[in-house]
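These notes are about the structure you will find just below.
Model, not experiment: these values are computed from the prediction. Here is the naming used below: chain letters follow the sequence lines, and residue numbers restart at 1 for every chain.
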There are 2 protein chains.
Amino acid sequence: MLTPPADAHPEKTIVTQLRGYLGQIDLPDDGRLPPERELSAVLGVSRTELRKALDVLEAEGQLWRHVGKGTFMGSRPLDTFADIAALARRSNPAEVMRARIVMEPEIARAAAFTATPADIAEMRMCLARSRQAETWRQYEAWDTRLHRTIAEASQNTLLLGLFDTLNAVRRAVTWGRLRTEPVKPLPDHHSFAEHESIVDAIEHRDIAAAAAGMRAHLQTVERKLLDRQ
Amino acid sequence: MLTPPADAHPEKTIVTQLRGYLGQIDLPDDGRLPPERELSAVLGVSRTELRKALDVLEAEGQLWRHVGKGTFMGSRPLDTFADIAALARRSNPAEVMRARIVMEPEIARAAAFTATPADIAEMRMCLARSRQAETWRQYEAWDTRLHRTIAEASQNTLLLGLFDTLNAVRRAVTWGRLRTEPVKPLPDHHSFAEHESIVDAIEHRDIAAAAAGMRAHLQTVERKLLDRQ
DNA sequence: ATATAAACCAAAACTCAATTGGTATCCAAC
DNA sequence: GTTGGATACCAATTGAGTTTTGGTTTATAT
């Protein structure tokens, strides 16, 4: 490989120049470096060329940029927004359903491995109570508790925590949907049979059926949701 | 107990009046009712007396208030922002791996549906960079970024948020084990091929292979982890 | 005594201009 | 014709300043 002339790869030169400059100056704690317009003036290069150099360093993972914030050395901090409200604001009912369909069948699968008789008993109670519900509000309370009991039965505190987070977002998200349904759940409501088959599968340690049952159940819920738009 | 005269408990009257008013008007979606100053004018009572009535309803749990926000019907939305530290304290590496095996294959499956060419390109870059890594630290940075890029590609901000939460717990959990491995990842490190097959599957929209590949990968990671205890 | 009105406080929301990375356009240089 | 530079514009973000709101205190009147 030949040694290139000084200006054969001018962007290379600017990258080098930029590296040197970044090595000299001491950055603030957050690693933020001067805005592009300022930096281009200091280095005596056009903003276009400076950005090319920054592109290189960004591709190398040495810095990250964001409109309105600035350019920062180091790796982009993960959005550790376990903040339910923020999540709910950015999300929507469709995303919530898709996330449920991703998570809950696998949680049910895990629960089919590890559920204790006490877990099963609580699930059975939730089933019975939900059938007796006099209002949709009551029904939803027992439905929620059933799903959470399944998550508990996975014996995995982390999975349970993630499930609770998802659930909190679900409650916080603006559904916009109206209850045009009858005042109370009808005896042939699809969820009753679906819930029971899920609990049956868990009780019989049929992990595949538990996952499949939960997936089918949530897909029905999703369909009903989208039907009434 | 004596029957009190009509005005012996004036606050009782105001509570009733307030209940009636709240029953009439239709509240906005968030259940927010007019500010106290406005409400007191409408009801023709002093703000002091109105506040006493609101105190009653708040004690009954029928509404909740917050300075700067307002007064809202219903129960206060619990701001259960997932506490990463608490989760990490109760959890452990085994749970983290099981949670990853539950979530990430399904996230990869979703990503195979929705990944854009830009997503694929970033995944490829992560693959290349991880191969070039000179230290385990660098390798892990690119590995983490690859997995997060896949989660981003699912186009679901909620799933991404849950993934980030899981990741934050993963970092916070005490792993105990140290890297007794060679100083840098060897070229035949199992993850390289596994990562590539996952990205290939996503690129070819092979959703089953994406999920299976991710599951196999994480199970390998789990096995390696448990091997060295 | 009790209720009222007013003033004040701090938290939150809101408004609006300035900043910043990203992008398109036009123009000069070669 | 291509390249690079200057300029303008865009959308996201920030930050300062103002307004709104529930909570509290104080003075006044009945």
Side-chain angles (χ1 to χ4, degrees), chain A residues 5-15 17-18 22 27-59 61-74 76-77 79 81 83 85-86 89-90, chain B residues 4-15 17-18 22 27-59 62-74 76-77 79 81 116 118 121-122 157:
Chain A
D7 57 349
H9 297 295
E11 71 284 359
K12 200 77 177 273
T13 312
I14 296 181
V15 169
Q17 184 184 357
L18 180 57
L22 294 179
L27 299 165
D29 292 345
D30 57 358
R32 184 178 196 227
L33 46 93
E36 293 179 353
R37 292 162 175 83
E38 194 176 320
L39 203 50
S40 65
V42 171
L43 296 181
V45 300
S46 74
R47 197 180 155 212
T48 312
E49 294 302 302
L50 171 64
R51 283 182 54 75
K52 286 182 188 172
L54 288 174
D55 287 343
V56 174
L57 294 190
E58 186 183 26
Q62 304 209 356
L63 54 82
W64 61 278
R65 307 187 269 186
H66 196 300
V67 275
K69 285 182 178 171
T71 306
F72 301 82
M73 297 299 293
R76 164 181 273 107
D79 296 345
F81 56 81
D83 178 4
R89 222 176 309 117
R90 303 183 192 188
Chain B
D7 57 348
H9 296 294
E11 71 283 358
K12 198 79 177 273
T13 312
I14 297 181
V15 168
Q17 184 183 357
L18 180 56
L22 293 180
L27 299 165
D29 291 345
D30 58 357
R32 185 180 195 221
L33 46 93
E36 293 180 354
R37 292 160 176 84
E38 195 175 318
L39 203 49
S40 63
V42 171
L43 296 182
V45 299
S46 74
R47 194 177 158 215
T48 311
E49 294 303 302
L50 170 65
R51 283 182 55 75
K52 286 181 187 171
L54 287 173
D55 286 344
V56 173
L57 294 189
E58 186 182 26
Q62 304 210 357
L63 54 81
W64 61 279
R65 307 187 268 187
H66 195 299
V67 273
K69 284 183 179 169
T71 306
F72 302 81
M73 297 299 294
R76 162 180 276 107
D79 47 351
F81 55 92
T116 68
E122 187 167 350
T157 60

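Nearest to the side chain of A:Lys52, among C:dG22, D:dG4, D:dG22, sits D:dG4.
For DNA chain D, the neighbouring residues in residues 32-44 of chain B, judged by any heavy atom under 4.0 Å, are B:Arg32, B:Pro35, B:Glu36, B:Arg37.
The nearest pair of heavy atoms linking B:Ile14 to B:Ala53 is CG2-CB, 3.7 Å. Nearest heavy-atom pair across A:Ser40 and A:Arg37 is OG-O, 2.8 Å. Residue B:Asp30 comes nearest to B:Phe72 through the heavy atom pair O-CD2, 3.4 Å, listed as atom of the first residue, atom of the second, then distance.
Nucleotide D:dG22 holds its P atom 11 Å from the CH2 atom of B:Trp64, rounded to whole Å. Here the P atom of nucleotide D:dT24 and the CZ atom of B:Arg51 are 7 Å apart, to the nearest Å. A straight line from CZ of A:Arg65 to C1' of C:dT20 spans 11 Å, rounded to a whole angstrom. Rounded to whole Å, the distance from CD on B:Glu49 to P on D:dT30 is 17 Å. Taking atom CG of residue A:Asp30 and atom P of nucleotide C:dT20, one finds them 13 Å apart after rounding to whole Å. Here C:dT23 presents its P atom at 14 Å from CG of A:Leu54, a figure rounded to the nearest Å.
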Task: nucleotides 10-15 of chain C: protein proximity per nucleotide (B base, S sugar-phosphate only, - neither; heavy atom, under 4.0 Å) - done: -BSS--
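In terms of modelled atom types and a separation under 3.5 Å, the side chain of B:Gln17 and the main chain of B:Leu43 share a donor-acceptor contact.
Residue-level contact check: B:Thr48 touches the bases, meaning some heavy atom is under 4.0 Å from a base atom.
Between B:Leu57 atom CG and B:Leu33 atom CG the span is 9.5 Å, to the nearest 0.5 Å. A distance of 11.0 Å separates OG of B:Ser46 from CZ of B:Arg51, quoted to the nearest 0.5 Å.
Regarding contacts with the backbone of D:dA6, every side-chain N or O of A:Ser46 stays at 4.0 angstrom or more from both OP1 and OP2.
You'll find the side chain of A:Leu18 stays beyond 4.5 Å of the side chain of A:Val56, heavy atoms only.
If you check distances only, the side chain of B:Arg47 does reach the base of D:dG22 with a donor-acceptor pair under 3.5 Å.
Taking B:Arg65 as the reference, B:Glu36, B:Asp55, B:Glu58 meet the salt bridge (Lys or Arg N to Asp or Glu O under 4.0 Å) condition, with sequence neighbours excluded.
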